[in-house]
Amino acid sequence: QVQLVESGGGLVQPGGSLRLSCAASVSGGSIGTMGWYRQGSGWQREMVAVITSGGATNYADSVKDRFTISRDSASNTVYLQMLRLKPEDTAVYYCKASRIRLGRRPDDYWGQGTQVTVSS
């Protein structure tokens with residue numbers, strides 16, 4: 001099992017910044033790829049940024065050069081630093097983590113979501 005606890009959402013003005021955190025606790029395996037996804041009102045959930053256990057990253061085009069994903073592998077914590085926020089970044093942000101077990105396919109777990117609102 002994997003439990004994910006997210007924090008750091010809130011209300012920020014356009015041009016502001018926020019930092020999201022997601023701490024994973026795992027039993028019966030290890031944590032592989034972690035990432036952040038978001039879902040705005042009326043939107044489908046979309047990938048924002050992902051980071052592998054080796055540190056390779058991938059970003060949605062809409063957030064490149066503004067958002068940075070990082071992780072602390074020792075504590076299984078992933079961070080999303082968000083700069084120059086725009087109203088269109090408003091969404092519920094979800095953390096996702098893959099559990100790796102020897103001889104088994106990875107399985108994915110989701111956090112409860114944290115609201116980010118960008119508004120003046």
Side-chain angles (χ1 to χ4, degrees):
Q1 279 283 8
V2 175
Q3 290 187 321
L4 300 171
V5 178
E6 300 157 344
S7 62
L11 172 65
V12 64
Q13 292 186 341
S17 62
L18 281 175
R19 188 191 195 211
L20 306 183
S21 300
C22 173
S25 58
V26 59
S27 60
S30 60
I31 296 295
T33 297
M34 302 183 77
W36 290 95
Y37 294 71
R38 67 186 180 187
Q39 187 167 15
S41 178
W43 302 351
Q44 288 187 332
R45 191 172 297 187
E46 62 175 0
M47 187 272 289
V48 176
V50 295
I51 184 167
T52 69
S53 57
T57 59
N58 191 32
Y59 295 90
D61 288 342
S62 59
V63 307
K64 281 181 181 176
D65 301 323
R66 297 189 300 123
F67 291 9
T68 302
I69 190 170
S70 60
R71 68 187 286 170
D72 178 352
S73 295
S75 62
N76 286 326
T77 302
V78 64
Y79 304 95
L80 185 68
Q81 179 69 54
M82 304 184 290
L83 304 177
R84 300 190 299 280
L85 282 160
K86 304 175 181 179
E88 51 263 43
D89 294 318
T90 296
V92 178
Y93 283 69
Y94 296 90
C95 175
K96 178 182 174 183
S98 296
R99 182 178 60 163
I100 307 298
R101 291 177 290 174
L102 187 64
R104 305 285 294 271
R105 295 179 66 180
D107 49 355
D108 295 333
Y109 294 82
W110 292 90
Q112 78 281 4
T114 184
Q115 177 70 46
V116 172
T117 302
V118 185
S119 175
S120 55

Any side-chain heavy-atom pair of [X] and [Y] under 4.5 Å:
| X | Y | value |
| --- | --- | --- |
| Ser119 | Leu11 | yes |
| Ser70 | Val78 | no |
| Arg19 | Thr68 | no |
| Leu4 | Gln112 | no |
| Pro14 | Pro87 | yes |
| Thr33 | Ile51 | no |
| Met82 | Tyr93 | yes |
| Trp36 | Ile69 | yes |

#### Entry: Straight-line distance of Ser30 OG to Ile100 CD1, nearest 0.5 Å
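So the gap between those two atoms works out to 6.0 Å.
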
#### Entry: Spacing of NZ belonging to Lys64 relative to OG1 belonging to Thr57, to within rounding of 0.5 Å
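With rounding to 0.5 Å, NZ (Lys64) is 9.5 Å from OG1 (Thr57).
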
Quick check against the 3.5 Å criterion: does [X] have a side-chain atom that pairs as donor or acceptor with the backbone of [Y]?
| X | Y | result |
| --- | --- | --- |
| Glu6 | Gly113 | yes |
| Thr77 | Ser75 | yes |
| Arg99 | Ser27 | yes |
| Tyr59 | Met47 | no |

### Query
Taking all non-hydrogen atoms of both residues, which atom of Leu18 and which atom of Gly8 are closest, and how far apart?
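The pair with the smallest heavy-atom distance is CD2-O, 3.8 Å.
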
### Smallest separation among heavy atoms of Leu80 and Ala49, with atom names
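Residues Leu80 and Ala49, closest heavy atoms: CD1-CB, 4.2 Å.
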
### Task
Might you work through the side chain to side chain contact (heavy atoms under 4.5 Å, CB included) test for Ser7 and Leu20, ending with a clear yes or no?
CA-CA 6 Å; Ser7 62; Leu20 306 183; over 6 Å; no

### Query
Checking side chain to side chain contact (heavy atoms under 4.5 Å, CB included) for the pair Asn76/Val26: CA distance, chi angles, key distance, verdict?
CA-CA 9 Å; Asn76 286 326; Val26 59; 4.0 Å; yes

### Query
Can Met34 be reached from Phe67 by stepping across I, L, V, M, F, W or Y side chains whose heavy atoms are under 4.5 Å apart?
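Result: yes, single cluster for both.
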
### Message
Hydrophobic clustering (ILVMFWY, side-chain heavy atoms < 4.5 Å, transitive) - are Val92 and Val63 grouped together?
### Response
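Val63 and Val92: separate clusters.
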
### side chain to side chain contact (heavy atoms under 4.5 Å, CB included) between Gln39 and Tyr94, intermediate numbers included
CA-CA 8 Å; Gln39 187 167 15; Tyr94 296 90; 4.2 Å; yes

### Message
We want to know whether Gln115 and Thr117 form a side-chain donor-acceptor pair, criterion being a heavy-atom distance below 3.5 angstrom.
### Response
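Yes.
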
### Query
Near Gln1 CD, under 6.0 Å, is it more than 12 heavy atoms from other residues, nucleotides or ligands?
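Count not over threshold, so no.
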
### Query
Are more than 12 heavy atoms from other residues, nucleotides or ligands located less than 6.0 Å from atom CD of Glu46?
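More than 12 heavy atoms, drawn from other residues, nucleotides or ligands, come within 6.0 Å of this atom.
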
### Query
Are Arg101 and Asp107 within salt-bridge range, i.e. N to O under 4.0 Å?
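Salt bridge present between Arg101 and Asp107.
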
### Query
Is the closest basic N to carboxylate O distance between Lys86 and Asp89 below 4.0 Å?
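Answer for the salt bridge query: no.
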
### Message
Does Arg45 qualify as a cation-pi partner of Trp110, given the criterion of NZ or CZ under 6.0 Å from the six-membered ring centre and within 45 degrees of its axis?
### Response
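Satisfied, under 6.0 Å and within 45°.
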
### Task
Please determine if Arg71 forms a cation-pi arrangement with Tyr79, meaning its NZ or CZ atom is less than 6.0 Å from the six-membered ring centre and no more than 45° off the ring axis.
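Arg71 over Tyr79 ring: no.
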
